[in-house]
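Taking it in order: structure first as structure tokens, then the write-up.
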Amino acid sequence: MNLRNIIMAWVLLGTLCLTAQNVPTYLDGSKSVEQRVQDALSRMTVAEKIAIIHAQSKFSAPGVPRLGIPGIWCTDGPHGIRPDVLWDEWDQAGATNDSCVAFPALTCLAATWNPDMALLYGKSIGEEARYRNKNVLLGPGVNIYRSPLCGRNFEYMGEDPLLTSTMVVPYVQGVQQNGVAACVKHYALNNQEVARDRINVLVDDRTLHEIYLPGFKAAITEGKAWAIMPGYNKYNGDHACENSVLLLDILKGDWAFDGVAISDWGAVHNTMKVASNGLDMEFGSWTNGLNWGTSNAYDDYFLAKPYEKLILEGKLPMKDLDDKAARVLRLIMRTEMNRNRPYGSLNSPEHYAAARRIAGEGIVLLKNDKKLLPIAPDVRKILVVGENAIKMMTVGGGSSSLKVQRETLPLDGLRAKAANRGIEVAYERGYVGDVTGEYNGVTTGQNLNDNRSADRLIADAVEAAKQADMVIFIGGLNKSEHQDSEGTDREDFALPYNQNRVIEALVEANSNTVVVALTGNAYAMPWLDKVPAVLQGWYIGSEAGNAIADVIFGDVNPSGKLPFTFAKSLADYAPHAAADSLMYPGVDGNVVYKEGLNIGYRYTDKLRADRVNFAFGHGLSYTEFSLGKPVASARQFNGQGTIEVTVAVTNIGDRSGAEVVQAYVSDAKCSVERPIKELKAFQKVTVAPGQTQNATLSFDRRAFAFYNPTTKLWTIEPGKFEILIGTASNRITAKIPIEVKEEITWKD
């Protein structure tokens, strides 16, 4: 037990040493949370209410010591529990018991298209947070993939709001099973890292509600998330942390959110706005704590003394402060003062198994023309090439950087698996990228220096490739600045470090070449026609090497599907198609989402179908599937209940595997422009060879509606719709006509 817990235990013990009839309601676990919150609030002074709504250190808020109410401790996620940092600084505290399991990046989780994996993920990472005595996990991230240049896309769940919504709900539920709050971020429209702290996003209301809000809405209304983090950016002129439309009208109004809106670190700018417009807790406004603020930095935060002064002067209402304090108390009751929460666990075998399982299911087999994968029995010698085969990827990338207990590298995972089969695995570097490995004092300890010239590296790799039965190139991006990293966006759609030249040389030397890319973003593939097999590997975490080896050797049959479109060039993405700086990265502090609803496959499938390397939802298997004729429970929809569509999935191959049946809805004739198709349901089914399993897809009124910004109502116009069944956005195998007779409207 650490010192903080010992002190808190003594405080609580002293408070509880009252006669039974005098035990305060707020300490009585038999009472409802709301009774306890209101009782505690009634006992607090103005100064105590102010104290609990802002930070006392880099990651904590103080609670109410006089009443024995503990404080709140936050931790970064969303892929693992960040190492402890110093009280007032970002550098790590030097603890020896704060290593963690690194789970796959959320792009990989989204690529599983499996809500069961999201629940397992949330439960596992929540257990690690609970064991470390963290009350709030700063994650998951659900910002939509708008541009492939966004440095933080690897922390999010792709380009589609339905996929994101479906995956975030069980993640939140899994985390909160442990008495740890999930803090969904970054609300809203944080779709680029360039100028993220000042960029003003201008987007129409329909696009906002149909594309950029659904993931947050699902996390709140279905997942019942206890916390949410507004981002750095502005929306319609006001910063997200000070935005009354986002925080009051939508979040606390339409969605009836009863949790805590917690600022991103350093995202608050104005006391009057932040006090009045819905933010509940302020963290990190002077992000070096006492160094960058005054001698009492935390007390000088915007929601600290400046706010208290306005309250006491009667210039701001007490009811707003009471609401903020009540929400923080509710969070404390749900977490630190929840006597029934489990104890959690850290670095357990179960967590490593979960990380490996999620990674294996999220890896996407993009291409396998020569059936190079899984590795054939007659392969005796493999050459592995590429820096990412030997580079730790758990350190770096911004606030999601971790200190892991262990990380299995791809080369090590492949060698271990190959050794059991009598296969020799050689290695060549091929290229040198980023040889560093440090973030906030956490270092990888790797020495990746290589003084060979680029030509020498390629020549050595080519010579070795000629001697191998097959070549596995493991490259992609990394978590350095201007790649996949918080704070910066990519500067180029191409793979860095001369990798295209390396791949071209390898495939010319050995036609049995497999490309494995570890990235959180799409990228150009000028060599695609020449390379027979491509595997999309993501940032997979502690079990990276083992999970990649599982798939390459066939112990795991790949079933991942792309959560975003892999187009041929940057210009094939809507925000970049017109080379309009106002659309990206912005002009004079403003960025305008002129493309509206037409992002991702909504744009490419309509206007750039021939310019896509791999479509949204694409992913191959080592077996083959056949979809039967879909059967619908009804062909008319009146706005009540659901339409159920059943699709028989038959495995016509020779090994067990999983297929994702995807259903899109098309509304060809409408008074407003609608996307060519929109994902509205999906189900992943596992099928044994020669067997058939049914996928059941449900469609309620949300599947056919659009948001009317004039009436502020969700609307279904009468007319004819189509449900499109397939296995990718560009691979539709059946269509079901659906008719709506009368207009249907409703409000959130």
Side-chain angles (χ1 to χ4, degrees), residues 58-59 74-86 89-92 98 100 102-109 125 129 134 136-157 183-187 189-199 229-233 240 262-267 283-284 287-288 388 391-404 407 433-434 436-444 476-491 496 518-521 538-542 585:
K58 187 64 65 182
F59 278 100
C74 302
T75 180
D76 271 316
H79 310 134
I81 308 307
R82 184 175 181 158
D84 289 325
V85 300
L86 296 171
E89 300 176 22
W90 285 114
D91 280 345
Q92 66 166 330
D98 59 349
C100 69
F103 296 91
L106 292 189
T107 44
C108 181
L109 175 63
I125 196 172
K134 308 302 181 183
V136 180
L137 176 69
L138 303 176
V142 293
N143 292 102
I144 291 294
Y145 187 110
R146 178 176 180 254
S147 164
L149 299 185
C150 178
R152 216 164 181 180
N153 279 337
F154 72 99
E155 292 188 41
Y156 303 141
M157 297 190 190
C183 185
V184 186
K185 61 185 188 182
H186 302 89
Y187 180 69
L189 301 162
N190 185 177
N191 307 115
Q192 65 186 62
E193 292 297 287
V194 174
R196 65 175 183 173
D197 58 337
R198 58 188 181 278
I199 198 72
M229 177 185 288
Y232 287 109
N233 58 287
I262 300 175
S263 78
D264 208 338
W265 271 235
F283 275 89
T287 54
N288 266 351
N388 283 4
K391 181 177 176 64
M392 287 181 64
M393 291 291 190
T394 55
V395 175
S399 59
S400 64
S401 179
L402 300 171
K403 182 170 78 174
V404 294
E407 178 177 349
D434 182 2
T436 63
E438 186 273 340
Y439 188 82
N440 283 155
V442 177
T443 60
T444 64
L477 304 175
N478 57 43
K479 293 183 178 179
S480 303
E481 286 191 358
H482 299 298
Q483 294 203 45
D484 286 324
S485 179
E486 178 183 0
T488 62
D489 280 356
R490 298 166 65 193
E491 296 177 327
L518 308 183
T519 76
N521 265 304
W538 319 111
Y539 301 118
I540 306 178
S542 290

Next on the checklist: Tell me if the centroids of the rings in Tyr439 and Trp90 come within less than 6.0 Å of each other.
Outcome noted: no
Next on the checklist: Looking at Gly396, is its backbone amide N or carbonyl O close enough to the side chain of Ser401 to form a donor-acceptor pair, meaning the two atoms are under 3.5 Å apart?
Outcome noted: yes
Item to check | salt_bridge(Lys185, Asp264) N-O dist < 4.0 Å | outcome: no
Checklist outcome for this item: Rounding to 0.5 Å, atoms CG (Asn153) and CG (Asp489) come to a distance of 8.0 Å
Item to check | Approximate separation, where rounding is to 0.5 Å, of Leu86 CG and Asn440 CG | outcome: 10.0 Å
Next on the checklist: Please check this pair: side chain of Lys391 against backbone of Thr436, looking for a donor-acceptor N/O pair closer than 3.5 Å.
Outcome noted: yes
Checklist entry - Would you find more than 12 non-hydrogen atoms of other residues, nucleotides or ligands less than 6.0 Å from Gln92 atom CD? => result yes
Checklist entry - Just how far is it from atom CD1 of Ile262 to atom CE of Met229, taken to the nearest 0.5 Å? => result 6.5 Å
Next on the checklist: Less than 4.5 Å apart, side chain to side chain, heavy atoms only: is that true for Asp484 and Trp538?
Outcome noted: no
Next on the checklist: Evaluate Asn190 against Tyr156 for side chain to side chain contact (heavy atoms under 4.5 Å, CB included), listing each step before the verdict.
Outcome noted: CA-CA 11 Å; Asn190 185 177; Tyr156 303 141; 4.2 Å; yes
Next on the checklist: Once rounded to the nearest 0.5 Å, what's the spacing between atom CD of Glu155 and atom OG of Ser485?
Outcome noted: 9.0 Å
Item to check | Gap separating the CH2 atom of Trp265 from the SG atom of Cys74, nearest 0.5 angstrom | outcome: 4.5 Å
Checklist entry - Out of Val85, Thr75, Asp84, which residue meets the side-chain contact (heavy atoms from CB on, under 4.5 Å) rule with Phe59? => result Val85
Item to check | Closest contact, heavy atoms only, Asn388 versus Gly476 | outcome: ND2-N, 3.7 Å
Checklist entry - Are any side-chain N or O atoms of Thr443 and backbone N or O atoms of Glu438, one a donor and one an acceptor, separated by less than 3.5 Å? => result no
Checklist entry - Do Asp76 side-chain atoms and Arg82 backbone N/O form a donor-acceptor pair below 3.5 Å? => result no
Item to check | Distance, nearest 0.5 Å, that separates OH of Tyr539 from CE of Met393 | outcome: 5.5 Å
Next on the checklist: Using modelled atom types and a 3.5 Å cut-off, is there a donor and acceptor pairing between side-chain atoms of Gln192 and backbone atoms of Ser147?
Outcome noted: no
Item to check | Contact summary for Pro78 and Ser400, nearest pair of heavy atoms | outcome: CD-CB, 4.2 Å
Next on the checklist: Using side-chain heavy atoms (C-beta onward) and a distance below 4.5 Å, is His186 in contact with Arg196?
Outcome noted: no
Checklist entry - Taking all non-hydrogen atoms of both residues, which atom of Leu189 and which atom of Asn143 are closest, and how far apart? => result N-ND2, 3.8 Å
Checklist entry - Under the 3.5 angstrom rule, does the side chain of Glu193 hit a backbone N or O of Thr488 as a donor-acceptor pair? => result no
Next on the checklist: Could you report the tightest heavy-atom contact between Gly441 and Asp91, atom names first, then the distance?
Outcome noted: N-OD1, 4.1 Å
Item to check | Where Val404 and Ala102 come nearest, the two heavy atoms and their spacing | outcome: CG1-CB, 3.5 Å
Item to check | side chain to side chain donor-acceptor pair (under 3.5 Å) partner of Gln483, chosen from Thr519, Asn521, Asn478 | outcome: Asn478
Item to check | 4.5 Å side-chain heavy-atom contact, Thr444 and Glu407 | outcome: no
Next on the checklist: Parallel, tilted or perpendicular, judged at 30° and 60°: which one describes the rings of Phe154 and His79?
Outcome noted: tilted
Checklist entry - Taking it one step at a time, do Val184 and Val142 satisfy side chain to side chain contact (heavy atoms under 4.5 Å, CB included)? => result CA-CA 7 Å; Val184 186; Val142 293; 3.7 Å; yes
Item to check | Heavy-atom pair of closest approach, residues Ile125 and Leu137 | outcome: CG2-CD2, 4.0 Å
